Every structure is written in structure tokens, then in C-alpha cells.
J.: 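First the structure, which I've put down as C-alpha cells, then a few questions once you've had a look.
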Amino acid sequence: MPRIILLGPPGAGKGTQAAQLAEAYGIPKISTGDLLRAAVQAQTPLGLEAKSYMDRGDLVPDAVVIGLIEEQLQSNAASSGWILDGFPRNVPQAENLSVLLDKLDQSCDRAILLDVPDDEIVQRMLLRGRADDREDVIRNRLVVYRQQTEPLIAYYSESTGLKTVNGNQTPDTVFAELKSAVE
Ligand code: AMP
């Protein structure tokens with residue numbers, strides 16, 4: 001079963017597509033955004049720490065998300081495959097992931113970039129209406145993406161190998177192209 005990293009700007013549809021891929025391959029979708037939102041909801045200490053960063057559209061400190069990922073990857077459910085959605089978000093997170101996978105005697109099969117133009121992203125996120133989908137916060141999340149996450153495109157092109165799928169198509173077409181990028 002595959003081990004997949006799904007990269008892409010906020011609002012590209014990673015969450016929806018990752019959920020469908022997870023179902024199709026019978027693997028867990030591991031989303032740091034979902035895990036953080038659940039922690040905020042439950043008002044755990046971790047959630048309380050993360051909330052102010054999320055409200056501004058900034059990245060939550062690396063140690064927090066790396067801890068979450070470590071816990072998830074060590075679980076039985078993730079022993080034979082997984083899809084990461086929203087992690088890693090910067091080069092230090094990617095380097096930590098690589099060390100963690102070595103420790104678990106695993107490796108990532110494929111990194112896939114789900115790409116969507118900026119204008120389209122803002123439109124989609126405004127429609128979604130999540131707490132951090134206000135226009136100023138969206139703009140900041142895009143800046144953070146360009147500055148911190150985009151360098152991962154080069155990072156994974158040189159290591160795991162990266163395939164790009166155009167996310168600006170119907171959801172069914174995107175899903176079909178993602179599946180062929182996995183296989
Ligand atoms: P997402 O659902 O992936 O769009 O994430 C929502 C928010 O959670 C982001 O804007 C960040 O504040 C935080 N977040 C999610 N994943 C990460 C990550 N890997 N590193 C740092 N912050 C993250």
C-alpha cells in the first residue's frame with residue numbers, strides 16, 4: 001500500500017482528494033490541520049497553543065506538528081501505508097519526517113503537488129467559509145505557502161520524486177490523475 005505526501009497551496013482541494021485516496025487505497029489520511037482543529041475544539045493545551053497561529057494563518061511551531069505526526073505514524077493503522085495532507089509545510093519538517101521514517105524503517109513512495117492558481121484559491125477558500133478563511137488570513141496563508149512550503153517542491157523533486165497534478169479541473173478528473181500519479 002502506498003505512502004504518499006500530498007503538497008499544494010491552501011484551498012487546492014488536498015483535504016477532499018486525500019480523503020478519497022485514503023478510501024480508495026484503504027490507508028489512513030493523516031492531516032495535521034484536522035488534528036490541530038480537533039485539539040482546538042477539545043481545548044487541550046496543544047490546541048490552546050496552536051489556536052493563535054491558526055487564527056493568523058501562520059504555521060504552528062514545528063515541534064507541535066512533528067509530535068502529532070510521530071504519534072500517527074507509529075500507530076498500527078499507519079503501519080503499511082498512509083497519505084499525509086498538510087504536512088510537511090517547511091524544509092525542517094520534511095527533514096524531521098525523513099529521520100522519523102528511517103527510524104520506522106519506512107519510506108515515502110511519492111510526493112504529489114496538487115497545483116492551483118492563486119486567484120482560484122482565494123475564490124475557493126472564501127466559498128468554504130472555515131474560521132481561518134477570512135480574506136486577510138487567506139492572503140497570509142498564501143504568503144506562508146510561497147515562502148515556507150514551496151521550497152519543498154525542489155526538496156522532493158531531488159529526493160523522492162515529485163509529480164504535479166493540475167487541481168484546476170473537475171474533482172473527478174483530479175482524482176483520476178492523482179491515482180495515476182500514485183501508480
Ligand atoms: P490546513 O487544514 O492544512 O489548511 O491547516 C490549517 C492551519 O493549521 C494552517 O494554516 C496552520 O496554522 C496549521 N497547520 C496545519 N498543518 C501544519 C503544519 N504541518 N505545520 C504548521 N502548521 C500547520
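Side chains included, hydrogens not; waters and symmetry mates left out as well; all remaining heavy atoms used. Counting starts at 1 for both ligands and their atoms, following the listed order. Since this is a predicted model, take the numbers as computed values, not measurements.
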J.: So is R130 in contact with ligand 1, going by heavy-atom distances below 4.0 Å?
T.: yes
J.: Is there a polar contact between ligand 1 and P88, counting only N or O atoms under 3.5 Å apart?
T.: no
J.: Measure the distance from atom 12 (O) of ligand 1 to every protein heavy atom, then report the residue, atom name and distance (to 0.1 Å) of the closest one.
T.: D58 O, 2.6 Å
J.: Checking D58 against N140: is there a side-chain donor and acceptor pair closer than 3.5 Å?
T.: yes
J.: For R37, is the nearest heavy atom under 4.0 Å from an atom of ligand 1?
T.: yes
J.: Determine, considering heavy atoms only, which of V144, L36, N140 sits nearest to atom 23 (C) of ligand 1.
T.: L36
J.: Is V65 touching ligand 1 with its side chain, its backbone, both, or neither, if touching means heavy atoms under 4.0 Å apart?
T.: side chain
J.: Has R56 got a side-chain atom pairing as donor or acceptor with V137's backbone, closer than 3.5 angstrom?
T.: no
J.: With no hydrogens and no angle check, just 3.5 Å: does a side-chain donor-acceptor pair link W82 and Q72?
T.: no
J.: List ligand 1 atoms under 4.0 Å from G33, heavy atoms only on the residue side.
T.: 2 (O), 5 (O), 15 (C), 16 (N)
J.: So, is D34 polar-close to ligand 1, with some N/O to N/O distance under 3.5 Å?
T.: no
J.: Among protein heavy atoms, which sits nearest to atom 16 (N) of ligand 1, and what does the distance come to when rounded to 0.1 Å?
T.: T32 OG1, 2.8 Å
J.: Which protein non-hydrogen atom lies closest to atom 8 (O) of ligand 1, naming both residue and atom, and how far is it?
T.: M54 CE, 3.6 Å
J.: I need the nearest protein heavy-atom contact for atom 10 (O) of ligand 1: residue, atom name and distance, please.
T.: R141 NE, 3.8 Å
J.: Flag V60 as yes when one of its N or O atoms lies below 3.5 Å from any N or O atom of ligand 1, and as no otherwise.
T.: yes
J.: When you compare the side chain of L36 with that of L68, does any pair of heavy atoms fall below 4.5 Å?
T.: yes
J.: Where the side chain of S98 meets the backbone of A94, is there a donor-acceptor pair that is under 3.5 Å apart?
T.: no
J.: May I ask which of Q93, R56, R89 has a heavy atom nearer to atom 9 (C) of ligand 1 than the others do?
T.: R89
J.: Under 3.5 Å between any N/O of D132 and any N/O of ligand 1: does that happen in this structure?
T.: no
J.: Considering only NZ, NE, NH1 and NH2 on the basic side and carboxylate oxygens on the acidic side, decide whether E135 and R139 come within less than 4.0 Å.
T.: yes
J.: Taking atom types as modelled, is there a side-chain donor on N96 or D62 under 3.5 Å from an acceptor on the other?
T.: no
J.: Using a strict 4.0 Å threshold on nitrogen-to-oxygen distance, state whether D109 and R3 make a salt bridge.
T.: no
J.: So which heavy atom on T160 is nearest to which on A111, and how close?
T.: CG2-N, 4.1 Å
